[in-house]
Q: 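If you scroll down you'll find the structure; I have some questions about it.
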Amino acid sequence: MAGAFGFKGCQKIRGPQIRNLLEAKDFFLFDCDGVIWHGEKAITGAAKVVSSLIRQGKNVVFVTNNCTRPRENYVHKFYRLGFTDVMLEQIFSSSYCSALYLRDVVKVRGQVFVMGCDGLRRELQEAGIPCVEEADDPDATIYDCALAPDVKAVLVGHDDKLTFLKLAKASCYLKDPDCLFLATDNDPWHPLSGGRILPGSGSLTAALEVSSGRKATVIGKPSRFMFECISSQFRGVDPAQCLMVGDRLETDMLFGSNCGLDTMLTLTGVSQIEEAQEYRNSELPTNHSLVPDYVVDTIADFLPAFEELEEQSN
């Protein structure tokens, strides 16, 4: 679609170009952190953009690698931040998609050992997937702790209570070649205020990959499986009619590229246009998959285009 508007990728668009894009697309996929909100503060104009898209009959879904909360908690957050049109069925988190993968794709028969937070466990439990219960003595070590029987999968997500014992247990379970090794996502880190960073699921997965000598199957972005989840729940999803809007080149833009979607980078989050331009000018062909088709300062740049469309319809 980028070529149809007569300019190369990684170009900032505005005004009529955004209006033409909104008219051309039927399905909009948004990342959340850095696109829709920062923490507990919505991006200015984001709620109006979402409600305007829905009012115009567009399909809107949210694809997030944040696995720390179940989908129902996301619905509450959306509502709390002024997004009153968002329903549970529009939310696809890496924890929800991990549960679908375990239940519907591999049809796991046994327990799952989770290196992750309570929100991830809740999504698995709601899907009917049994998780190993952690009940070790505070002084337990890998030398004397109990190992659960019948562990058929190890799932790694964000775990702010990670211990060496958890890592050691997971490594032991993965010695069984029939035990699946899954990761909700491979995000290396997340930005915090004051220039600090929070290690992401990808950093925990990397540690376990080294200790186990195995590679994890990643469920979340940039894996295609999240798009397959969406396609299975929404009829007639055509990649050519989709736009992926995100703030991170290595996850959101690559996800869109992997799934055959047009992509848009918004500059309210992690990645900036200079990084995208470096990837565009790179001699490595693999880097070109990280380049967005379109760039906007913020999704609030959609709003003037909506006003024009409404004026045309009146």
Side-chain angles (χ1 to χ4, degrees), residues 12-14 18-19 21-22 25 27-96 117 119 158 185 187 189-198 200 220-221 226 230 242-249 251-253 255-256 263-273 292 294-310:
K12 292 188 75 172
I13 63 172
R14 54 181 58 86
I18 294 178
R19 186 191 65 219
L21 188 61
L22 292 176
K25 298 299 183 182
F27 217 102
F28 292 79
L29 298 83
F30 290 96
D31 179 38
C32 292
D33 297 295
V35 177
I36 297 296
W37 57 55
H38 287 133
E40 284 297 315
K41 183 178 181 181
I43 299 290
T44 301
K48 189 173 182 180
V49 167
V50 170
S51 63
S52 296
L53 284 169
I54 294 173
R55 190 170 62 251
Q56 291 198 6
K58 305 293 186 179
N59 290 296
V60 177
V61 297
F62 302 91
V63 285
T64 175
N65 276 352
N66 189 329
C67 63
T68 60
R69 65 183 78 199
R71 290 197 300 164
E72 63 183 39
N73 286 25
Y74 272 108
V75 174
H76 297 321
K77 179 170 183 175
F78 273 111
Y79 193 84
R80 189 167 66 247
L81 297 185
F83 298 81
T84 56
D85 304 292
V86 176
M87 310 291 287
L88 184 75
E89 295 76 18
Q90 296 171 269
I91 301 168
F92 291 82
S93 66
S94 60
S95 54
Y96 173 64
C117 55
H158 178 78
D185 62 273
D187 288 1
W189 54 272
H190 304 285
L192 299 175
S193 59
R196 300 188 180 192
I197 64 170
L198 180 71
K221 298 175 294 184
M226 289 189 89
I230 295 168
C242 297
L243 180 69
M244 173 65 210
V245 184
D247 73 312
R248 203 163 194 159
L249 300 174
T251 51
D252 300 317
M253 303 304 105
F255 171 69
T263 56
M264 174 181 284
L265 175 70
T266 176
L267 303 178
T268 48
V270 173
S271 299
Q272 295 302 308
I273 193 169
Y294 314 105
V295 181
V296 293
D297 289 319
T298 166
I299 63 170
D301 290 349
F302 286 22
L303 295 176
F306 285 128
E307 294 173 1
E308 291 181 21
L309 290 172
E310 289 176 359

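Note that these values count all heavy atoms, side chains included, but never hydrogens, waters or copies made by symmetry. This structure is a prediction, so every number in the text was calculated from the model and none was measured.
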Q: Val60 and Val86: side-chain contact (heavy atoms from CB on, under 4.5 Å), yes or no, with the steps?
A: CA-CA 9 Å; Val60 177; Val86 176; over 6 Å; no
Q: Do Met87 and Ile54 have side chains that approach each other closer than 4.5 Å (heavy atoms only, starting at C-beta)?
A: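 They are not in contact (no side-chain heavy atoms under 4.5 Å apart), so the answer is no.
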Q: Are side-chain heavy atoms of Val270 and Trp189 found at a separation under 4.5 Å?
A: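 When only atoms from C-beta onward are counted, Trp189 and Val270 do touch, with a gap below 4.5 Å.
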Q: Relative to each other, are the rings of Phe83 and Phe78 parallel, tilted or perpendicular (30° and 60° limits)?
A: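 Perpendicular, since the angle between the ring planes exceeds 60°.
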Q: Whether Asp297 and Lys12 form a salt bridge (side-chain N of Lys/Arg under 4.0 Å from carboxylate O of Asp/Glu) is what I want to check.
A: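 Yes, this pair counts.
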Q: Looking at every heavy atom in both Cys67 and Cys117, which two are closest together, and how far apart are they?
A: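 So the minimum-distance heavy-atom pair works out to O-SG, 3.7 Å.
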Q: Decide yes or no for Asp185 and Thr251: does some side-chain heavy atom of the first lie under 4.5 Å from some side-chain heavy atom of the second?
A: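 Not touching, per the 4.5 Å side-chain cut-off.
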Q: If you compare all heavy atoms of Thr263 against all heavy atoms of Met253, which two are closest, and at what distance to 0.1 Å?
A: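 In terms of heavy atoms, the two residues are closest at CB-SD, 3.6 Å.
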Q: Would the distance check show the side chain of Asn73 and the main-chain N or O of Arg69 forming a donor-acceptor pair, the cut-off being under 3.5 Å?
A: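 Absent.
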Q: Kindly compute the distance separating CG (Leu265) from CE (Met244), expressed to the nearest 0.5 Å.
A: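 One gets 10.5 Å once the value is rounded to the nearest 0.5 Å.
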Q: Specify the closest pair of heavy atoms between Thr64 and Cys32, including all atoms of both residues, with the distance to one decimal.
A: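 Nearest pair, atom of Thr64 first, then Cys32: CB-SG, 4.2 Å.
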Q: Would you sort out whether Cys242 and Lys25 count as a side-chain contact (heavy atoms from CB on, under 4.5 Å), showing the intermediate values?
A: CA-CA 6 Å; Cys242 297; Lys25 298 299 183 182; 5.9 Å; no
Q: Does one side chain, of Asn66 or Thr68, offer a donor that lies under 3.5 Å from an acceptor on the other?
A: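 Result is yes, a qualifying pair exists.
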Q: Compare all side-chain heavy atoms of Thr298 with those of Leu267 and state whether any distance is below 4.5 angstrom.
A: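 Thr298 does not reach Leu267 side chain to side chain.
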Q: Do Phe28 and Asn59 have side chains that approach each other closer than 4.5 Å (heavy atoms only, starting at C-beta)?
A: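 No; the side chains remain at least 4.5 Å from each other.
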Q: Quick one, Phe27 and Leu243 - any side-chain contact, counting heavy atoms below 4.5 Å?
A: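 Side chain of Phe27 against side chain of Leu243, heavy atoms only: no contact under 4.5 Å found.
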Q: Could you go step by step and tell me if Val245 and Asp31 meet the side-chain contact (heavy atoms from CB on, under 4.5 Å) rule?
A: CA-CA 6 Å; Val245 184; Asp31 179 38; over 6 Å; no
Q: For Arg80, does the CZ atom have more than 12 heavy-atom neighbours from other residues, nucleotides or ligands under 6.0 Å away?
A: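 Yes, enclosed.
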Q: Is it true that atom NZ of Lys48 has more than 12 heavy atoms of other residues, nucleotides or ligands lying nearer than 6.0 Å?
A: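 No, not enclosed.
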Q: Search all heavy atoms of Asp247 against all heavy atoms of Val35 and return the closest pair with its distance.
A: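 Reported closest heavy-atom pair: N-CG2, 3.6 Å.
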Q: Using a 4.5 Å cut-off on heavy atoms from C-beta on, say whether the side chain of Ile36 contacts that of Ile43.
A: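 Ile43 vs Ile36: side chains apart.
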Q: Nearest heavy-atom pair of Ser271 and Leu249: which atoms, and what distance?
A: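 Distance-wise, the nearest heavy atoms are OG-N, 3.1 Å.
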Q: Would you please classify the geometry between the Phe302 ring and the Phe30 ring as parallel, tilted or perpendicular, with 30° and 60° separating the classes?
A: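 Plane angle between 30° and 60°, so tilted.
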Q: Apply the test salt bridge (Lys or Arg N to Asp or Glu O under 4.0 Å) to residues Asp252 and Lys221: give CA-CA distance (whole Å), side-chain angles for both, the deciding distance (0.1 Å), then the verdict.
A: CA-CA 7 Å; Asp252 300 317; Lys221 298 175 294 184; 2.7 Å; yes
Q: List the atom of His158, the atom of Leu198, and the distance in Å for their closest heavy-atom pair.
A: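 Taking His158 first and Leu198 second, the nearest heavy atoms are CE1-CD2, 3.6 Å.
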